[in-house]
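For the numbers below, each heavy atom of this structure counts, side chains included, while hydrogens, waters and symmetry mates do not. This structure is a prediction, so every number in the text was calculated from the model and none was measured.
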Amino acid sequence: MTVELDPGTVSIIRLAWSRLLGLEDGALEGDGGDRLYSVDDDTGVLTFVTLFGREILKGPRWAVDAGRTLTGPDLRSHSTLLSLSRDHGGRGLGEARLYFCDTLPRFDGPPAVVSGERDLVLDLERRCPPDDVAEAGLSESEHPFVLVEGDGEPEAGRPVPLAGAGYDIWEGILAHLAVITPPDERRKGYAQRIAAVAVAESMAAGLVPQWRARTDNTASQRTALRAGFAYAGTQTSVILDAK
């Protein structure tokens, strides 16, 4: 099933990303046009974004000038940005796909049992690979949610966490989501279930949910699509040495 975003939602996303990238508010309106450049000599990140058909390169002057001669597919490549920033300590953040949602998720079955207890978030992270924990950053999320087993009140000890999701607020507009599931709890629908909770909560707060999945994380991409998100573009970034 192909999900399409409302034109009003698209405009809101463009506004948010214009501000994130240091552009004028209306810079990303329209479906075509030349690549946009945002020069920031104080930034610690070099990033290339494609969004609804537009291309944007943001970074220090030396990086932006070098990037003007490269194609979009070149700049979407993580290896290109690493090569470009080699003399400036470029370290990988990777390539990712961007998804957005403006429709409330629907699920059959009983209501999810959810907790926002920080100790449960930490319990969940201890069951997950360190790379997944670092990518999701759920324990640092502004608004975390944990799906727990049963009724959430076992006879002894804390509830068992099955999956977690959370969101941070970007530019007062976007709810940037993160989802994490322990390896032994995957393929059971838990990630999609808790993602739906985070989506519903963020939309109730008047935000547009955003999902970022690494290009090599097909499981995260599938979960995003099943949760009703629509693909909108890409982001490739590297960290630069501090001055």
Side-chain angles (χ1 to χ4, degrees), residues 13-25 27-28 31-100 125 128-141 167-171 174 176-180 210-224 229 231-243:
I13 296 167
R14 284 172 167 160
L15 171 63
W17 272 92
S18 293
R19 293 176 178 178
L20 285 166
L21 294 168
L23 302 170
E24 296 292 329
D25 280 358
L28 295 180
D31 297 325
D34 296 334
R35 180 185 300 158
L36 298 173
Y37 298 93
S38 178
V39 176
D40 183 354
D41 288 324
D42 295 322
T43 186
V45 177
L46 171 61
T47 188
F48 179 71
V49 173
T50 67
L51 191 66
F52 302 113
R54 303 301 305 271
E55 295 182 352
I56 313 97
L57 179 64
K58 178 180 180 180
R61 172 70 64 183
W62 57 264
V64 169
D65 289 344
R68 293 179 189 275
T69 63
L70 299 174
T71 67
D74 285 337
L75 290 171
R76 281 199 302 272
S77 169
H78 193 221
S79 60
T80 298
L81 293 195
L82 286 173
S83 296
L84 202 63
S85 59
R86 182 178 296 115
D87 294 337
H88 300 267
R91 303 186 303 284
L93 282 178
E95 302 174 44
R97 296 167 68 89
L98 298 172
Y99 300 85
F100 299 89
E125 290 184 331
C128 299
D131 286 350
D132 291 355
V133 172
E135 181 183 4
L138 189 61
S139 58
E140 300 173 1
S141 177
Y167 68 87
D168 294 322
I169 301 174
W170 288 15
E171 295 295 329
L174 302 177
H176 183 66
L177 268 68
V179 180
I180 189 169
Q210 170 181 281
W211 189 304
R212 185 169 59 193
R214 293 195 321 268
T215 53
D216 61 353
N217 192 341
T218 55
S220 180
Q221 294 169 36
R222 285 196 299 266
T223 301
F229 282 73
Y231 170 74
T234 64
Q235 182 181 19
T236 306
S237 304
V238 295
I239 299 174
L240 307 174
D241 275 345
K243 292 185 178 181

Could you tell me whether the side chain of [X] and the main chain of [Y] form a donor-acceptor pair under 3.5 Å?
{"X": "Gln221", "Y": "Arg214", "value": "yes"}
{"X": "Ser18", "Y": "Leu23", "value": "no"}
{"X": "Glu95", "Y": "Thr236", "value": "no"}
{"X": "Ser237", "Y": "Thr47", "value": "no"}
{"X": "Asp40", "Y": "Lys58", "value": "no"}
{"X": "Thr43", "Y": "Gly59", "value": "no"}
{"X": "Ser220", "Y": "Asn217", "value": "no"}

When you check the side-chain N and O atoms of [X] and [Y], is any donor under 3.5 Å from an acceptor?
{"X": "Asp74", "Y": "Ser77", "result": "no"}
{"X": "Trp17", "Y": "Gln210", "result": "yes"}
{"X": "Ser139", "Y": "Glu125", "result": "yes"}

Please report the C-alpha distance between Thr50 and Arg76 in whole Å, then the side-chain angles of each, then the deciding distance to 0.1 Å, and finally whether the side-chain contact (heavy atoms from CB on, under 4.5 Å) criterion is met. CA-CA 8 Å; Thr50 67; Arg76 281 199 302 272; 4.1 Å; yes
Does the ring of Tyr231 carry Arg97 above it, NZ/CZ under 6.0 angstrom from centre and within 45° of its axis? yes
Hey, does the Lys NZ or Arg CZ of Arg212 hover above the aromatic six-ring of Tyr99, less than 6.0 Å from the centre and inside 45° of the axis? no
Does any non-hydrogen side-chain atom of Leu28 lie less than 4.5 Å from one of Leu15? no
Does the side chain of Phe48 reach to within under 4.5 Å of the side chain of Ile56, using non-hydrogen atoms? no
Neighbour count above 12 (heavy atom, 6.0 Å) for Arg86 CZ: no
Exceeds 12 heavy-atom contacts within 6.0 angstrom, atom CD of Glu171: yes
The test is side-chain contact (heavy atoms from CB on, under 4.5 Å); show your working for Ile13 and Phe52 and say whether it passes. CA-CA 10 Å; Ile13 296 167; Phe52 302 113; 3.8 Å; yes
Is there a ring pair (Phe, Tyr, Trp, His ring centres under 6.0 Å) between Trp211 and His176? Walk through the geometry before answering. CA-CA 6 Å; Trp211 189 304; His176 183 66; 9.8 Å; no
Per the side-chain contact (heavy atoms from CB on, under 4.5 Å) rule, which among Leu174, Leu177, Val179 passes with Tyr167? Leu177
Before giving the answer on side-chain contact (heavy atoms from CB on, under 4.5 Å), spell out for Val238 and Arg91 the whole-Å C-alpha distance, their side-chain angles and the decisive distance to 0.1 Å. CA-CA 5 Å; Val238 295; Arg91 303 186 303 284; over 6 Å; no
Could you go step by step and tell me if Leu75 and Arg35 meet the side-chain contact (heavy atoms from CB on, under 4.5 Å) rule? CA-CA 11 Å; Leu75 290 171; Arg35 180 185 300 158; 3.4 Å; yes
